[in-house]
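Convention: sequence-line order gives letters A, B, ...; per-chain numbering from 1. Side chains included, hydrogens not; waters and symmetry mates left out as well; all remaining heavy atoms used.
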There are 2 protein chains.
Amino acid sequence: MMQQDPLELEKMIRDANLRPTKQRIALAELLFADGNRHITAERLHGEAMEAGVTVSLATIYNNLHQFTSAGLLREVVVDSSRSYFDTNVSAHHHFFHEETGMLEDIPDSALNVDSIPSLPEGTEISSVDVIVRVSNIRS
Amino acid sequence: MMQQDPLELEKMIRDANLRPTKQRIALAELLFADGNRHITAERLHGEAMEAGVTVSLATIYNNLHQFTSAGLLREVVVDSSRSYFDTNVSAHHHFFHEETGMLEDIPDSALNVDSIPSLPEGTEISSVDVIVRVSNIRS
DNA sequence: TTTCTTCTTTAGAAACATTCTAATCTATTG
DNA sequence: CAATAGATTAGAATGTTTCTAAAGAAGAAA
Ligand SMILES: [Mn+2]
Ligand SMILES: [Mn+2]
Ligand SMILES: [Zn+2]
Ligand SMILES: [Zn+2]
């Protein structure tokens, strides 16, 4: 994504059939203005507060899901107690830092999933998610 | 695992430095007697009730975590709202059926993760998890 | 077996992330 | 501006998991 221009963000929001409200624009700026991000609802809420934007948690969740439906975000499942949202919607996989809870992209070119086996009868692939869980080397 | 003999289950429990209580043995039977399983806490609780074993949810969680610590189970993260426990602790990956929430093993031989990229500085791999999410083909 | 200690189970409360409700507010359109 | 559809919000509710503290059961010692 990597948009900075508020006008481009507004266009992006409109193109998703959403109204460019104050809150929505502010969240889009936090999410998309500075390159790729992996963020939880709670952290986005915290950043909005820090940025002086008062926005409720319900609105955070509403917008994260609406952006996800519009294909502007994807949800990454790495933790059974929290949802992560990824501004990089192109094909790629992740390192998950177990100590910090941080997600880091693995470029698609750097990891090959070969020979996916025959799928269960009557099903089609929805996505293939690879999570490489890493932890700090204990000395 | 695939043990059936209650005595073997008791030995397994003792080897994990746990006491073979009524509840623990009953849960071990449900988990390990009939081959590999992928199960949530809530469903295991339901099965215990059906089997006539009264056991609290707290005990279900206690034992799932204790079995996991002992290497008898592993936790599989596929859903940001529920934990799945897998009786197959050998290296393998999973199909996740999005409609039903069921997990299915992919034999390790049937899927290769090649060329794992260089890890972030100072980290080591804890695990590599591949989830192939599948859904029913919509006709 | 009795006693002692440690581990285990339990009900219920608490924690926590997420979703829902329904009232209020705002953007858009005519 | 008026009308409408969409958005935001506080707070309640939900669902899963964990915690607390008390009672119960298992193993060890005598
Ligand atoms: Mn969600
Ligand atoms: Mn857990
Ligand atoms: Zn990513
Ligand atoms: Zn499995």
Side-chain angles (χ1 to χ4, degrees), chain A residues 6-7 9-30 38-49 51-70 72-73 75-85 101 103, chain B residues 6-7 9-28 30 38-49 51-70 72-73 75-85 101:
Chain A
L7 288 185
L9 287 177
E10 250 195 68
K11 179 174 187 316
M12 180 185 78
I13 289 169
R14 270 185 221 282
D15 287 351
N17 282 310
L18 298 168
R19 291 179 181 176
T21 63
K22 180 158 64 74
Q23 290 88 341
R24 191 124 65 198
I25 292 167
L27 294 180
E29 273 180 36
L30 289 171
H38 304 89
I39 196 168
T40 62
E42 201 65 54
R43 278 199 64 231
L44 181 57
H45 188 234
E47 291 192 9
M49 299 317 239
V53 183
T54 47
V55 56
S56 71
L57 248 190
T59 297
I60 299 282
Y61 280 104
N62 287 343
N63 279 281
L64 285 173
H65 287 136
Q66 286 160 334
F67 288 166
T68 300
S69 294
L72 300 172
L73 293 176
E75 206 174 338
V76 182
V77 178
V78 282
D79 181 320
S80 59
S81 73
R82 238 189 313 268
S83 281
Y84 285 73
F85 293 86
L103 271 178
Chain B
L7 289 185
L9 287 177
E10 250 195 68
K11 180 176 187 316
M12 180 185 78
I13 289 169
R14 270 184 221 284
D15 289 350
N17 283 311
L18 297 168
R19 292 177 181 178
T21 63
K22 182 157 62 74
Q23 291 87 343
R24 192 124 64 198
I25 292 167
L27 294 180
L30 289 171
H38 303 89
I39 196 168
T40 63
E42 201 66 53
R43 278 199 65 230
L44 181 58
H45 189 234
E47 290 191 9
M49 299 316 239
V53 183
T54 47
V55 55
S56 71
L57 246 191
T59 297
I60 298 282
Y61 279 104
N62 286 344
N63 279 281
L64 286 173
H65 287 137
Q66 287 161 334
F67 288 166
T68 300
S69 293
L72 301 172
L73 292 177
E75 205 173 340
V76 182
V77 178
V78 282
D79 183 319
S80 59
S81 75
R82 236 190 312 269
S83 282
Y84 285 73
F85 292 86

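- Here the side chain of A58(A) is nearest to one of dT16(D), dA10(D), dA7(D), namely dA10(D).
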Worksheet entry | Residues Y84(B), I39(B); criterion side-chain contact (heavy atoms from CB on, under 4.5 Å); working and verdict | CA-CA 5 Å; Y84(B) 285 73; I39(B) 196 168; over 6 Å; no
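- Proximity of I13(B) to R19(B): side-chain heavy atoms (C-beta onward) are nowhere separated by under 4.5 Å.
- Separating the CD1 atom of I60(A) from the C1' atom of dT18(C) is a distance of 13 Å, rounded to the nearest angstrom.
- Inter-residue side-chain proximity for R24(B) and Q66(B) is flagged as met; some heavy-atom pair is nearer than 4.5 Å.
- In the set dT18(D), dT9(D), dT8(C), the nucleotide with an atom closest to the side chain of R24(B) is dT8(C).
- In this structure, H65(B) reaches the dT18(D) phosphate: one of its side-chain N or O atoms is under 4.0 Å from OP1 or OP2.
- For the pair I13(B) CD1 and dT8(C) P, the interatomic distance rounds to 11 Å; values are reported in whole Å.
- Taking side-chain N and O atoms only, R19(B) has no distance below 4.0 Å to OP1 or OP2 of dT6(C).
- Of the residues near DNA chain D, T21(B) and L57(B), the one whose nearest nucleotide (by heavy atom distance) lies more toward the 5' end is L57(B).
- With a 4.5 Å cut-off on side-chain heavy atoms, P20(B) and K11(B) do not count as touching.
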Side-chain donor-acceptor pairs under 3.5 Å in residues 51-59 of chain A, sequence neighbours left out?
| from | atom 1 | to | atom 2 | distance (Å) |
| --- | --- | --- | --- | --- |
| S56(A) | OG | T59(A) | N | 3.2 |
| S56(A) | OG | T59(A) | OG1 | 3.1 |

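- Rounded to an integer number of Å, the gap from NE2 of H45(A) to P of dC16(C) is 16 Å.
- Listed by chain and residue number, L73(A), F85(A) satisfy the side-chain contact (heavy atoms from CB on, under 4.5 Å) test with T68(A) (two or more places apart in sequence, or in another chain).
- Note on the helix from dT1(C)-dA30(D) to dG30(C)-dC1(D): angle between the axes of the first and last five pairs equals 20°, rounded to 10 degrees.
- Between S56(A) and R82(B), the one whose closest nucleotide on DNA chain D sits nearer the 5' end is S56(A).
- Here the P atom of nucleotide dT6(C) and the CG atom of N62(B) are 19 Å apart, to the nearest Å.
- Judged purely by atom type and a 3.5 angstrom limit, H45(B) has no side-chain atom pairing as donor or acceptor with the backbone of A41(B).
- In this structure, N17(B) atom CG and dG27(D) atom P are separated by 12 Å, rounded to whole Å.
- Side-chain proximity of S83(B) to dG12(C), dA17(C), dT17(D): nearest is dT17(D).
- The interatomic distance linking L18(A) (CG) with dT26(C) (P) rounds to 18 Å, in whole Å.
- Comparing dT10(C), dT8(C), dT8(D) by their closest approach to the side chain of Q23(B) singles out dT10(C).
- Checking dT28(C), dA11(C), dT9(C) against the side-chain heavy atoms of N63(B) singles out dT9(C) as nearest.
- Taking only side-chain nitrogens and oxygens, T59(B) comes nearer than 4.0 Å to OP1 or OP2 of dT10(C).
- Per the geometry, NZ belonging to K22(A) stands 19 Å off P belonging to dT24(C), to the nearest Å.
- As a whole-Å value, the separation of L44(B) CG from dT17(D) C1' is 15 Å.
- Here Q66(B) does not reach the OP1 or OP2 of dC7(C): none of its side-chain N or O atoms lies under 4.0 Å away.
- Nearest nucleotide to the side chain of A41(A), out of dT18(C), dT9(C), dT18(D): dT18(C).
- Between dT18(C) and Y61(A), a contact under 4.0 Å exists linking OP1 or OP2 to a side-chain N or O.
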Worksheet entry | Step-by-step side-chain contact (heavy atoms from CB on, under 4.5 Å) determination, L18(A) to F67(A) | CA-CA 9 Å; L18(A) 298 168; F67(A) 288 166; 4.1 Å; yes
